[in-house]
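All residue numbers in this chain count up from 1 along the given sequence. Atoms within each ligand, like the ligands themselves, are counted from 1 in listed order.
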Amino acid sequence: MCAEYVYPRPPPQPGQQGDRDMRQQPELRSVSQHQRIVADLIRRRAPVVAGLASAFGRVLADDVTAPIPLPLFDNSAMDGYAVRAVDVVRVPTQLPVVEDIPAGRGEGLVLTPGTAHRVMTGAPMPAGADAVIPMESTDGGTAVVRIHDGATAGNFVRCAGVDVRKGDVILRAGTVLGAPQIGLLAAVGMTTVGVVPPLRVAVLSTGTELVRPGQPLRSGQIYDSNSIMLATALRGAGAHADTVHFVSDDVAQFNATFAQLGDYDLVLTSGGVSAGAYEVVKDALSGHGVEFAKVAMQPGMPQGAGSYEGIPVVALPGNPVSSLVSFEVFVRPAVRTAMGYRKALRDRVTVRLAEPLDAPPEKRQFRRGSLDLPSGTVSLAGPAGSHFLGSLAGADCLIDVPEDATRMEAGATVSAWLLD
Ligand code: AMP
Ligand code: MG
């Protein structure tokens with residue numbers, strides 16, 4: 001009986017054709033409608049000021065303009081000799097060396113025609129000089145220098161403002177601050193920067209059958225994998241996540257646990273939202289500001305979202321694949337938008353199916369896939385069922401199968417969302 005997983009297909013209804021019977025189910029909410037509902041729920045946190053040393057990985061709250069240009073002044077790109085290009089038109093030639101300018105020497109020097117100043121990399125160019133002859137093109141003389149190779153004006157000169165002009169927007173709001181961005185802020189003299197703090201999310205899994213990994217299992221029990229999986233996914237999205245592990249399917253226990261979560265920006269629950277009995281999240285939150293709906297999506301049809309006791313709640317289904325796919329589709333983009341990320345969505349690629357697939361009618365399906373980018377194809381990573389966590393762990397993308405597709409042949413073009 002359990003040898004092979006058969007993807008369940010709805011039986012045809014009288015008077016309707018084949019498996020298109022689910023078309024026009026009035027209660028189904030579209031994926032994009034539910035995405036908007038979740039996005040509207042999660043409030044952006046107020047920016048804070050961070051020292052550059054602690055800004056790594058944070059999201060820039062506002063555009064940053066350059067208070068100074070980069071380079072700040074014309075300077076030498078090489079160790080060598082600052083000259084006038086017209087004085088080295090004919091080579092070899094010799095010029096007297098009248099100044100020695102290391103990096104950091106600041107008084108405004110002027111080059112007299114027919115002379116050279118020895119300059120080090122980063123040293124200010126003397127007024128009147130328009131080229132640098134690298135040391136390697138000379139005999140390295142300190143009183144008189146013999147120059148073998150000529151130069152045109154501008155040779156090895158780093159002009160003020162060529163990289164960044166004063167007043168330029170150097171970093172856009174929503175940029176994730178990494179080493180180059182933090183380096184740039186330091187280069188223009190900044191010590192602090194406005195960043196959006198990460199959202200604080202509590203992950204609350206529900207299910208009487210759940211046992212914390214590491215503990216012995218009794219018959220009928222399973223390990224709670226959603227708590228740590230969703231918390232990890234939240235951290236991957238840039239949020240701060242705490243796992244509250246799980247509560248049993250008991251409304252009083254759920255409410256008592258929830259009452260301790262008042263400090264969070266979002267509570268993310270899993271399980272207890274579908275159509276069976278013992279749907280603890282639905283039972284506890286329905287009619288109290290959280291709405292439960294069926295979304296035209298597979299996996300992940302039952303979803304809940306709203307505010308309970310003033311705290312935004314997103315309630316995901318419990319099947320692990322449904323949970324994580326729902327997270328990708330609804331929670332991750334909303335959380336990243338609320339945290340100010342310019343890149344809130346996963347990168348997507350258009351590829352061809354390496355094999356055919358069947359999809360449920362009138363539902364957007366997210367199949368787990370394995371990409372072969374060199375050939376521009378994607379294969380299915382496991383069956384469609386929402387309990388195939390092993391297959392999900394081997395996938396590197398979600399194949400976004402449009403609502404109107406019930407069958408796609410090998411070679412058909414699909415969009416794939418790249419996972420980490
Ligand atoms: P539910 O949405 O509560 O009806 O759960 C659907 C399925 O997902 C059931 O097989 C549950 O045992 C399983 N499930 C629910 N929560 C978790 C969890 N935290 N970790 C692993 N499996 C879960
Ligand atoms: Mg349950």
Notebook entry, point to check: Is any N or O atom of Asn319, backbone or side chain, closer than 3.5 Å to an N or O atom of ligand 1?
Noted result: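 N/O-N/O distance under 3.5 Å: yes.
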
Check: Under 3.5 Å, N or O to N or O, is Ile222 touching ligand 1 that way?
Finding: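 It does not: no N or O of Ile222 is found under 3.5 Å from an N or O of ligand 1.
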
Next item on the list: Kindly check if the number of other-residue, nucleotide or ligand heavy atoms within 6.0 Å of CZ (Arg172) is above 12?
Entry: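 Not more than 12 within 6.0 Å, no.
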
[atom]: the protein heavy-atom neighbour that sits closest, reported with distance to 0.1 Å:
{"atom": "atom 4 (O) of ligand 1", "result": "Ser274 OG, 3.8 Å"}
{"atom": "atom 17 (C) of ligand 1", "result": "Asn226 ND2, 3.3 Å"}
{"atom": "atom 20 (N) of ligand 1", "result": "Ser225 N, 3.0 Å"}
{"atom": "atom 3 (O) of ligand 1", "result": "Gly272 N, 2.9 Å"}
{"atom": "atom 11 (C) of ligand 1", "result": "Glu209 OE2, 3.0 Å"}
{"atom": "atom 14 (N) of ligand 1", "result": "Gly318 O, 3.3 Å"}

Please set out all donor-acceptor pairs under 3.5 angstrom arising from side-chain atoms of residues 35-55, sequence neighbours excluded.
residue	atom	partner	partner atom	Å
Gln35	NE2	Val329	O	3.1
Arg45	NH1	Pro198	O	2.9
Ser54	OG	Gly51	O	3.2

Notebook entry, point to check: Strictly under 6.0 Å, is that where the ring centroids of His117 and Tyr81 end up?
Noted result: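 They do not qualify: ring centres at least 6.0 Å apart.
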
Next item on the list: Write down the atom of Val88, the atom of Ala151, and the distance for their closest heavy-atom approach.
Entry: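 What the structure gives for the nearest pair is CG2-N, 3.8 Å.
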
Checklist line | Closest contact, heavy atoms only, Ala354 versus Thr377 | finding: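 Answer, listing the atom of Ala354 first, then Thr377: CB-CB, 4.3 Å.
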
Under a 4.0 angstrom heavy-atom cut-off, which atoms of ligand 1 come close to [X]?
{"X": "Asp224", "value": "18 (C), 19 (N), 20 (N)"}
{"X": "Thr206", "value": "16 (N)"}
{"X": "Ser205", "value": "19 (N)"}

Note to self: For Phe366, give me all partners under ring pair (Phe, Tyr, Trp, His ring centres under 6.0 Å), at least two apart in sequence or on another chain.
What the structure shows: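 Ring pair (Phe, Tyr, Trp, His ring centres under 6.0 Å) check on Phe366 returns Trp417.
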
Next item on the list: Mark yes or no: Arg332 above the aromatic ring of Phe327, with NZ or CZ under 6.0 Å from the six-membered ring centre and no more than 45 degrees from the axis.
Entry: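 No - Arg332 does not lie over the ring of Phe327 by the 6.0 Å and 45° rule.
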
Note to self: Check for me whether Tyr223 has a heavy atom closer than 4.0 Å to any atom of ligand 1.
What the structure shows: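 Within the 4.0 Å threshold, so yes.
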
Next item on the list: Evaluate the criterion side-chain contact (heavy atoms from CB on, under 4.5 Å) for residue pair Val132 and Asn155; output intermediate values, then yes/no.
Entry: CA-CA 6 Å; Val132 172; Asn155 211 44; 6.0 Å; no

